[in-house]
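See structure below.
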Amino acid sequence: MNRLLIRGGKKLCGEIDIQGSKNAALPIIAATILSGEECVIHNCPHLADTRAALEIIRQLGGKAECDGHTVVINNEDISASEICNELMCSMRSSVLFLGSLLSRRKKAVISYPGGCDIGLRPIDLHLKAFRELGVTVEETGGYIYCSLEKLKPNIINLLFPSVGATENIMLLAAVSDGETIITNAAREPEIVDLQNFLNAMGAKIFGAGSETIRILGVEKLKKVEYNIISDRIFAATCACAAACCGGDVVLRQVEPEHIRLMLSMLKDSGCRISSGKRYVRIQAEERPRGLGKIMTSPYPGFPTDAQALFMSALATAEGTTVFVENIFESRYKHVPELLKMGADIIVDGRLAAVTGCNYIQGAKISAGDLRGGAALVIAGLSAIGDTELSGIEHIDRGYEKIEDVFSALGAEIKRK
Ligand code: EPZ
């Protein structure tokens, strides 16, 4: 198994292009199933998860080719309605194919999705909404059998603004007869990107980014060429690394509005931040300051995906930060590894109290999930001495060659 070897203590300086968003790319790839015509997607990141999504397309009978960061998909010949267990288990977003497959084939058979081990992650909200829209859902023997004669337009009130459930409903209802409304919808930028993609194909969806999304079903979707938004969590990863390593980093191809809250928190911790059209500059000259309390919540609140990143950045801050993880039940798997590096962190249920220490030390550690793994890279970069990080297949699910990104900023990091 590959490992990352990191020699910490280097300041980070330079400019870096932010990759396309994983969490926007995955529902958009699933959405291509709604059209039988060619879909050209630019700025699609090369990741284990996007590769798995394209493999699902091929398994269902479609064609998918990559040329750099451009993906060309043609789903004219989609002929299957079942996704194999291996691909379903490879990532959480496999569940998003349920909505588009049902819409296209009126039938879908899947097993339960996999993904990062950060909590229970049920799909009850997806299935409840589908039932309310007229889908027959049968769960038996580890498989979910769904069929749909005709979508029954309805108002779906989500009990929680689930990102995946909001996307799945949009995918199911985009091609239909009548109007479907989602209330208490997720408001993440990736939802807006999915709306923009579907509308570019001819859908009539309004309101993404707000609590209420209106989907006026259309008869058919056509071909499209589309550019995916940049990855706000990737941007946050680079910003957090700069904050604790020190230096001067410019993030290019980034949407500052998507990371505004995180940037203002880094500013509160002592960084100098400036931004303009599609760039952000982070200058960190002093030791970061603790931020008091950070509570994760749905967008536009502080993202759960950035909780571990900020924890690493603030492990060496002056003062204390208390994290409250409100979205997932077990998203502190990086903490035992940070403790091995000398961090001072106490976890109690959903709370983690981080008392900043003067320094952390390199250690032999292991990543257990995607963002926790990226956080350990940040910790290794800011630590004194050498870190050997295993479990990096988790990181590869969301970051395109993370070692190249930080090497380009002057860090000593290599894959072995
Ligand atoms: C998306 O996951 C992201 N994944 C996650 O990113 C992100 O952490 C999460 O949203 C929250 O922002 C993708 O977009 C591919 P949810 P998703 O449905 O859709 C509960 C990363 O690191 N819930 O909003 O799975 C659920 O258990 C990843 O890139 C139900 O109870 O998130 C969780 O506690 C990891 N029943 C909460 O809601 C349901 O049917 C939020 O989940 C659905 C969700």
Side-chain angles (χ1 to χ4, degrees), residues 19-31 45 47-50 52-53 56 88 90-99 112-132 137 139 144 156-171 182 184-194 228-229 231-237 258 261-262 295-310 324-331 333-334 350 367-375 394-400 402:
Q19 71 180 38
S21 163
K22 165 182 83 84
N23 290 346
L26 295 170
I28 282 175
I29 292 172
L47 304 165
D49 279 14
T50 48
I56 291 178
M88 279 307 298
S90 67
M91 59 172 173
R92 169 78 178 178
S93 300
S94 51
V95 76
L96 297 175
F97 283 86
L98 192 55
Y112 291 86
C116 279
D117 182 14
I118 52 182
L120 287 175
R121 310 190 81 182
I123 54 167
D124 55 326
L125 298 176
H126 302 234
L127 300 183
K128 180 173 180 288
F130 279 15
R131 287 188 174 103
E132 287 168 8
V137 180
E139 295 179 79
I144 308 169
I156 308 296
N157 180 33
L158 289 174
L159 294 174
F160 181 87
S162 155
V163 173
T166 303
E167 292 167 342
N168 235 338
I169 298 166
M170 290 164 76
L171 292 169
I182 312 174
N184 198 26
R187 298 159 61 185
E188 272 69 1
E190 295 76 23
I191 305 279
V192 178
D193 212 34
L194 178 61
I228 287 177
I229 54 170
D231 195 310
R232 62 195 167 99
I233 305 300
F234 184 107
T237 306
H258 293 169
L261 175 64
M262 292 186 277
M295 302 207 287
T296 65
S297 62
Y299 193 87
F302 181 83
T304 171
D305 292 347
Q307 172 256 106
L309 311 174
F310 271 67
V324 186
E325 175 52 66
N326 288 315
I327 307 294
F328 291 105
E329 308 89 44
S330 49
R331 214 170 188 184
K333 296 224 165 80
H334 46 286
R350 286 181 179 266
D369 68 274
L370 164 57
R371 305 300 172 190
H394 295 290
I395 302 172
D396 292 339
R397 295 197 27 230
Y399 295 84
E400 237 186 74
I402 198 165

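The model shown is predicted, which means the values in this text are computed figures rather than measured ones. Counting starts at 1 for both ligands and their atoms, in listed order.
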Polar contact flag for [X] and ligand 1 (N/O pairs, less than 3.5 Å):
{"X": "Leu125", "result": "yes"}
{"X": "Ile327", "result": "yes"}
{"X": "Phe328", "result": "no"}
{"X": "Asp124", "result": "yes"}
{"X": "Pro122", "result": "yes"}

Subset of ligand 1 atoms that lie under 4.0 Å from at least one heavy atom of [X]:
{"X": "Phe160", "answer": "37 (C), 38 (O), 41 (C)"}
{"X": "Ser93", "answer": "15 (C)"}
{"X": "Lys22", "answer": "21 (C), 29 (O)"}
{"X": "Asn23", "answer": "3 (C), 4 (N), 6 (O), 13 (C), 14 (O), 15 (C), 21 (C), 29 (O)"}

Query - Glu325-Gln307 side chain donor-acceptor pair, cut-off 3.5 Å - result: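 Their side chains do contain a donor-acceptor pair, which is all the 3.5 Å distance test asks for.
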Requested in this report: Ignoring hydrogens and angles, state whether a donor on the side chain of Glu190 or Tyr299 is under 3.5 Å from an acceptor on the partner side chain.
Outcome: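 Side chains of Glu190 and Tyr299: no pair found under 3.5 Å.
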Query - Least distance between heavy atoms, Thr296 atom then Asn326 atom - result: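 Looks like OG1-N, 2.8 Å.
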Query raised in the report: How close do Ile395 and Ala374 get, heavy atom to heavy atom, and via which atoms?
Result: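 Heavy atoms only, the tightest pair is CG1-N, 4.0 Å.
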Query raised in the report: Are any non-hydrogen protein atoms located under 4.0 Å from atom 3 (C) of ligand 1?
Result: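 Protein heavy atoms within 4.0 Å of atom 3 (C) of ligand 1 - there is at least one.
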Query raised in the report: Is it true that Arg131 and Asp124 have a side-chain N and a carboxylate O under 4.0 angstrom from each other?
Result: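 No.
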**Report entry** Shortest protein heavy-atom distance from atom 25 (O) of ligand 1, along with the residue and atom involved
**Finding:**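 The protein heavy atom lying closest is Arg92 NE, 3.0 Å.
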